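From a predicted model like this one, the values you see are computed outputs, not experimental measurements. A note on names: the letters A, B, ... follow the listed sequences, proteins ahead of strands, and every chain is numbered from 1.
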Number of protein chains: 2
Amino acid sequence: MGERHEHAGWARHARGVADSVGRRSGGARTAIVDELAALGCCASPQELHDRLRAEGRSVGIASVYRVLDELSGLGLVQRVDLGDGVARFEPIELTGEHHHHLVCVGCGAIEPFDDPELERAIDRAAGRTAFAVDGHDVVLRGHCSDCAA
Amino acid sequence: MGERHEHAGWARHARGVADSVGRRSGGARTAIVDELAALGCCASPQELHDRLRAEGRSVGIASVYRVLDELSGLGLVQRVDLGDGVARFEPIELTGEHHHHLVCVGCGAIEPFDDPELERAIDRAAGRTAFAVDGHDVVLRGHCSDCAA
DNA sequence: ATACGTGCAAAGTATTTGCAAACGG
DNA sequence: CCGTTTGCAAATACTTTGCACGTAT
């Protein structure tokens, strides 16, 4: 498939997990999993729907929401909130590695970044709380190099 | 720890800033600023509206949204997204100190925490990106002590 | 007096749900 | 065949906007 299978492994994994919990594989979920796998970063349900439509793999918007919710429940995708009231989703890597997001307050650009030292600091901070923390999100806001000018 | 005047200073400051940019002081904004100041942590527009109503200081829900948007634009309140699709807001301290949030995936409890070491790590991480970062949000998810049992 | 603030209701979005038809096993 | 998945449309939830009226300055 043209999509450079950046996350082909993830797509296979996702299908495997869905199968293993007895989910049948219909066209909508197949298409959505492919689309998510081809994603560079997070996308909103509407964006996914538009992309699918553009590829001729039309899927009802309701199915996009349903499948995302389902994948989310299976721990296969993660919801990302960037502060603009639109929910976005992205695959959770099998390897456990994950990134966070930079948001440009000027142009709205979204860029992923990862930083091992930050991850360690978060783990340490989590250990100091009274919660049994098992997940986290970080959003950094500012101006991208273009908008800073 | 009732509502005392935990953030009485903030309320005064907020009014001062609003005045200084030529905003007239009507009943809605006064009530909303007081309510925000009495808040332990963040609250959604609907929660603020309900609390105000419970206190007999009824305010239209539209005014709640409008005032929050205005205060947000003045840098007096901050929007917080906890991942459940509901926007929440809280005062920004004059001192610049700020906290982040712990969310219990079991019962939905929200608890603030702050961690200076984490702040420093975030600043360092921000410096390694290509953005001119000037703000950030962190959400830690897990189980609170009650739900962990 | 006059311009700004507010409440109400209507209009917009974003997301969820009910249901009949299509489909996979 | 039979139960799951899907698409459509209606329903809901959340937020914004239009407008007439009240109110601070």
- Query: Of all the nucleotides listed (dT15(D), dG7(D), dA14(C)), which has the minimum atom distance to the side chain of Tyr65(A)?
  - Reply: dA14(C)

- Query: Hey, are Glu35(B) and Arg57(B) close enough for a salt bridge, meaning a charged N less than 4.0 Å from a carboxylate O?
  - Reply: no

- Query: Taking CG from Asp69(B) and C1' from dT17(D), how many angstroms apart are they, rounded to a whole number?
  - Reply: 12 Å

- Is the shortest distance from a Lys or Arg side-chain nitrogen in Arg124(A) or Asp115(B) to a carboxylate oxygen in the other one below 4.0 Å? no

- Separation of atom CD in Gln46(B) from atom P in dT16(D), rounded to whole Å: 13 Å

- Message: Among Asp50(A), Val59(A), Asp69(A), which residue satisfies the side-chain contact (heavy atoms from CB on, under 4.5 Å) criterion with Val64(A)?
- Response: Val59(A)

- Item | Strand contacts (DNA chain C) in residues 13-26 of chain A, 4.0 angstrom heavy-atom criterion | Arg24(A), Ser25(A)

- May I ask you to decide whether Arg79(B) forms a salt bridge with Glu90(B), counting only side-chain N to carboxylate O separations under 4.0 Å? no

- Task: Just report the end-to-end axis angle for the helix from dA1(C)-dT25(D) to dG25(C)-dC1(D), five pairs per end, to 10 degrees.
- Result: 30°

- Give the cluster check for Leu118(A) versus Leu102(A): same hydrophobic cluster or not, with ILVMFWY residues linked at side-chain heavy-atom distances below 4.5 Å. yes

- Item | Between P of dT15(D) and CD of Glu47(B), the distance in whole Å | 11 Å

Between protein and nucleic acid, restricted to nucleotides 18-21 of chain D and to nitrogen or oxygen atoms under 3.5 Å apart, what atom pairs and distances do you find?
{"from": "dG18(D)", "atom 1": "O6", "to": "Arg66(B)", "atom 2": "NH1", "distance (Å)": "3.4"}

- Under the side chain to side chain donor-acceptor pair (under 3.5 Å) criterion, do His99(A) and Glu93(A) qualify, and how do the steps go? CA-CA 10 Å; His99(A) 60 249; Glu93(A) 296 302 323; over 6 Å; no

- Message: What is the distance, to the nearest angstrom, from the CZ atom on Arg29(A) to the P atom on dG24(C)?
- Response: 12 Å

- Task: To the nearest Å, give me how far apart CD (Glu70(A)) and C1' (dT15(C)) are.
- Result: 17 Å

- Under 4.5 Å between side-chain heavy atoms, hopping through other hydrophobics if needed: is there a path connecting Val80(A) to Val80(B)? no

- Item | Parallel, tilted or perpendicular: rings of His136(A) and His98(A) (30°, 60°) | perpendicular

- Message: Tell me if a side-chain donor or acceptor on Trp10(A) pairs with a main-chain N or O of Ile92(A) at a distance below 3.5 Å.
- Response: yes

- Quick one: CG on Leu52(B) to CD1 on Ile61(B), what's the gap to the nearest 0.5 Å? 9.5 Å

- Query: With a non-hydrogen cut-off below 4.0 angstrom, is Ser58(A) in contact with a base, only sugar-phosphate, or nothing?
  - Reply: sugar-phosphate

- Rounded to the Å, how far apart are Leu68(B) CG and dG5(C) C1'? 15 Å

- Item | Spacing between His49(B) atom NE2 and dC8(C) atom P, to the nearest angstrom | 8 Å

- Could you say whether Ser44(A) or Gly60(B) is positioned toward the 5' end of DNA chain C, judged by the nucleotide with the nearest heavy atom to each? Gly60(B)

- Query: Taking CD1 from Ile61(B) and C1' from dC8(C), how many angstroms apart are they, rounded to a whole number?
  - Reply: 12 Å

- Thinking salt bridges, do Asp19(B) and Arg24(B) make one under a 4.0 Å N-O criterion? no

